[in-house]
Structures are given as structure tokens and as C-alpha cells.
Amino acid sequence: MHTITKKTVRRAVRTIRENGYIVRIIDKNYATVEGGRLKFRVGVKRLLGAGDANPKTAKNRVPTKGLSLFPHRGIGFGNVCPFAKNCVATCLAHQGQGSVPSVYGARVAKTVLYHLAKEWFLLKLHRELDSFRRSRPANEIVGVRLNMFSDIPWEEHGIIDAHPGISYYDYSKDPDRFGMIRPNYWVTFSHDGLNTEASLRVLRAGGNVSVVWHTAAADLLARFGTSAACGKAAHRQLLPKKWNGFDVIDGGETDWRWEDQRGVVVGLRLLAKDYKSRNRAVASRFSPAVDTSLPILGE
Ligand code: SF4
């Protein structure tokens, strides 16, 4: 992604004007998007981001790429998170670098292209996936997470089956979409504080469920002598050993969910950029508090 200057403006082979956006397809690898919720024209040269550029996938041992769209209904039309309810306000897309104009712009522009120039988008995605697979030795496992900030059933777009040499993984809030969706696609169901019944059904069926916990200020103060819980300090928050009788694993060590045991809870910590968003996640029940009177993971 880069911001357009006059020098880089080229003649479009196709222009689409819809929902307040103007999309110009310049060639098979390059498009521009402007209008709508964008304050400036954005050029999209690449859909997939390098895994090490994203804190979520940077910890993966396996080379990983990710596709970062703009979540839910955030571009003003369409919806890339049809099952999102209690997670929208606290979505990780709005934390970290999410509000940096270039990052925000790239995510919005890609999502607009997904909706308004779908054929172009999918063909480009296929090419980038092919090229990523070819860039690594044939016997090396490579990973792709297509729903960094979306919940799209990519298997329905033929993307997963077309690249059997790539190991895809995602999180989803669709209660009917979890586990081995395809031999090369593993999906972890995502708890949002209000879908506990569906989460337990997934666990009983042998699927995995991610839960985002926070540690209360008083518990942090008692253990660490400080109640700081945002930014870097958020990473020291605790995880329980069990949830509703199911084992919890530390999901913060890596984002690579392929090697997780099956039928377990993937414990994540509430990573809020500030206390306003932390308090919102707690108040909405999106993030349960760790009960420190019960066994803590790793202790
Ligand atoms: S479903 Fe996931 S990506 Fe979509 S709004 Fe909720 S947390 Fe964000």
C-alpha cells in the first residue's frame, strides 16, 4: 500500500463508483481506492502482508502471511464479520497500529476491493498465494491466515482447495465453522463472552475455542506490585488452568494454531491499547476475569 502522488496516477482499465467509493483497476496487480471513509486515495499493490510485520503472526516459527481487511461493517457497506456481536468495539483491528492512517487506509481499501472488485481481488489473491508458496522450499510448511480482522469463509471462494501446499488457519465466530474445515485449513472458534453455549458445543465436538481473559487490577497489584494492564504490561496477565472443565493452553506463545492439542481452550490475554478500551471489553463481558482463587496456568 502506498499513498498516491500525481506521478503514480495511471490510466484505469476499469472504474467502479459505488457506495461513495471510487475504485480504479489499473492492471491485474494494482488498483486505487478513494472516497467513502478514506481521507486520501490509496494504492493497493499487495493483499498479503508479511507475517513478521504483524504482532499476531510475528511469533510464528512457520513462515506466515496474513490478509488484513477492515472488520465488520466498518467501511460503510457490506459485512466481513457476519457473526460479530459483542466483539466489534473491542476488535484488535482498533488496537496497536490500527489507527495509523496508512494502516487504516490499506485495510479499508482492500475491503472495498473485496466487495466491489471481487473477481480482480480473488485472482490477485491466488497469484500472491502461488508466489508465496513458490518462494519457499517445497518441503517447508508455510502458513496463511486470511482472516486477520474478518470472518470470511474462504473455502467457499475456492481459495483453500486451490493451494493444498499452504496450511491455512483462522479464528471464527461462526458456530458451524470450526476444526478441520479442509485438510489444509484449521479454524479455532472464538468466544466473545456471550456465546458460551456454542463454545462448549465446539469443545465437546473436539474443536478448539479461544477465550480472551483479563486480570483484575487488584490481582495484578497483589502479584506484581503494579496494576498496569495496558500496552506491554498486558502481556503479564494470567490465564486459568481450566475453563468449564476443559484444559487451557497459552495461546500467546505463538499464533500458529496448527500444533495446538485438540479439544482445548486457547487462552489469550486482553491486549488493550488504553484503559478506555480495556474497560469496554470488561464491561461488555467480552473478556472474563481470571479467578485467581483457582489454579493458574503455569503455576
Ligand atoms: S469477528 Fe473478529 S475480526 Fe470481526 S469484529 Fe469480531 S473480533 Fe473483530
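The model shown is predicted, which means the values in this text are computed figures rather than measured ones.
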Quiz item: Given the rule in the side-chain hydrogen bond (donor to acceptor under 3.5 Å, both in side chains) test, do Thr254 and Asn60 qualify, once you have shown the distances and angles that lead to the verdict?
Solution: CA-CA 5 Å; Thr254 176; Asn60 290 3; 3.1 Å; yes
Quiz item: Any side-chain heavy atom of His115 sitting closer than 4.5 Å to one from Leu69?
Solution: no
Quiz item: Is there a side-chain hydrogen bond (donor to acceptor under 3.5 Å, both in side chains) between Trp154 and Asp170 once you walk through the steps?
Solution: CA-CA 10 Å; Trp154 291 103; Asp170 267 322; 4.7 Å; no
Quiz item: Can you tell me if Lys273 uses its side chain to pair, donor with acceptor, with the backbone of His94 under 3.5 Å?
Solution: yes
Quiz item: Regarding Lys118 and the six-membered ring of Tyr114, is the cationic atom NZ or CZ under 6.0 Å from the ring centre and inside 45° of its axis?
Solution: yes
Quiz item: Are Ile22 and Val33 close enough that some pair of their side-chain heavy atoms sits under 4.5 Å apart?
Solution: no
Quiz item: Is there a donor-acceptor contact under 3.5 Å from the side chain of Asp151 to the main chain of Phe83?
Solution: no
Quiz item: Just by modelled atom types, is the Pro137 backbone N or O under 3.5 Å from a matching donor or acceptor in the Arg133 side chain?
Solution: yes
Exercise. Dump the intermediate steps for salt bridge (charged side-chain N to carboxylate O under 4.0 Å, His left out) on Asp250 and Arg269, then the final yes or no.
Key: CA-CA 9 Å; Asp250 188 341; Arg269 296 163 182 86; 3.0 Å; yes
Quiz item: Can you name the salt bridge (charged side-chain N to carboxylate O under 4.0 Å, His left out) partners of Glu299, sequence neighbours left out?
Solution: Arg223
Quiz item: Is there a donor in the side chain of Ser210 and an acceptor in the side chain of His191, or the other way round, less than 3.5 Å apart?
Solution: no
Self-check item: Donor + acceptor pair across side chains of Arg177, Tyr185 (<3.5 Å)
Solution: yes
Give the table of side-chain donor-acceptor pairs shorter than 3.5 Å for residues 71-81, with sequence neighbours excluded, one pair per line with atom names and distance.
from  : atom 1 : to    : atom 2 : distance (Å)
Asn79 : OD1    : Cys81 : N      : 2.8

Quiz item: Hey, is Asp291 close enough to Lys242 for a salt bridge, meaning N to O under 4.0 Å?
Solution: no
Quiz prompt | Partner set under side chain to side chain contact (heavy atoms under 4.5 Å, CB included) for Leu194, not counting sequence neighbours | solution = Asn86, Asp192, Arg285
Quiz item: Donor-acceptor pair, Asn208 side chain versus Thr188 backbone, under 3.5 Å?
Solution: no
Quiz item: Who passes salt bridge (charged side-chain N to carboxylate O under 4.0 Å, His left out) against Lys124, sequence neighbours left out?
Solution: Glu128
Quiz item: So is Arg257 actually on top of Tyr171's ring, under 6.0 Å and inside 45° of the axis?
Solution: no
Quiz item: Per the side-chain hydrogen bond (donor to acceptor under 3.5 Å, both in side chains) rule, which among Asn147, Asp255, Asp260 passes with Tyr169?
Solution: Asp255
Exercise. Tell me, yes or no, whether the heavy-atom count around Lys241 atom NZ, taken from other residues, nucleotides or ligands under 6.0 Å, exceeds 12.
Key: no
Self-check item: Side-chain (Tyr275) to main-chain (Ala229) donor-acceptor, under 3.5 angstrom
Solution: yes
Self-check item: Contacts of Arg182 that satisfy salt bridge (charged side-chain N to carboxylate O under 4.0 Å, His left out) - sequence neighbours left out
Solution: Asp161
Quiz item: Between the side chain of Asn195 and the main-chain N/O of Ala198, is any donor-acceptor distance below 3.5 Å?
Solution: no
Quiz item: Is there a donor-acceptor contact under 3.5 Å from the side chain of Gln237 to the main chain of Thr215?
Solution: yes
Quiz item: Are there more than 12 heavy atoms of other residues, nucleotides or ligands under 6.0 Å from atom CD of Gln97?
Solution: no
Quiz item: If you group Ile, Leu, Val, Met, Phe, Trp and Tyr by side-chain heavy-atom gaps below 4.5 Å, do Trp256 and Phe178 land in one group?
Solution: no
Quiz prompt | Charged tip of Lys65 within 45° of Phe132 ring normal and under 6.0 Å | solution = yes
Quiz item: Under a single-linkage definition using a 4.5 Å side-chain heavy-atom cutoff for Ile, Leu, Val, Met, Phe, Trp and Tyr, are Tyr21 and Tyr104 assigned to the same hydrophobic cluster?
Solution: yes
Practice problem: Report yes or no: does Thr226 contribute a side-chain atom to a donor-acceptor pair with the main-chain N or O of Ala228 at less than 3.5 Å? | Solution: yes
Quiz prompt | Pair Thr292-Asp219, side-chain hydrogen bond (donor to acceptor under 3.5 Å, both in side chains): steps then yes or no | solution = CA-CA 7 Å; Thr292 52; Asp219 290 323; 3.1 Å; yes
Exercise. Might you work through the side-chain contact (heavy atoms from CB on, under 4.5 Å) test for Gln261 and Val264, ending with a clear yes or no?
Key: CA-CA 6 Å; Gln261 303 157 51; Val264 298; 3.8 Å; yes
Quiz item: Should Trp243 and Leu200 count as side-chain neighbours, where that means a heavy-atom distance under 4.5 Å?
Solution: yes
Quiz item: For Trp120, which residues count as a ring-ring contact (aromatic ring centres under 6.0 Å, His included) partner, sequence neighbours excluded?
Solution: none
Quiz item: According to a 4.5 Å side-chain heavy-atom criterion applied to Ile, Leu, Val, Met, Phe, Trp and Tyr, with indirect links allowed, do Val13 and Val112 form part of one hydrophobic cluster?
Solution: yes
Self-check item: Non-hydrogen side-chain atoms of Leu129 and Val144 separated by less than 4.5 Å
Solution: yes
Exercise. Taking Ser68 for its side chain and Arg107 for its backbone only, find out whether a donor-acceptor pair lies under 3.5 Å.
Key: no
Quiz prompt | Over 12 non-hydrogen atoms of neighbours within 6.0 angstrom of CZ in Arg262 | solution = yes
Quiz item: So, does Asn279 use its side chain to make a donor-acceptor pair with the main chain of Val282 at under 3.5 Å?
Solution: no
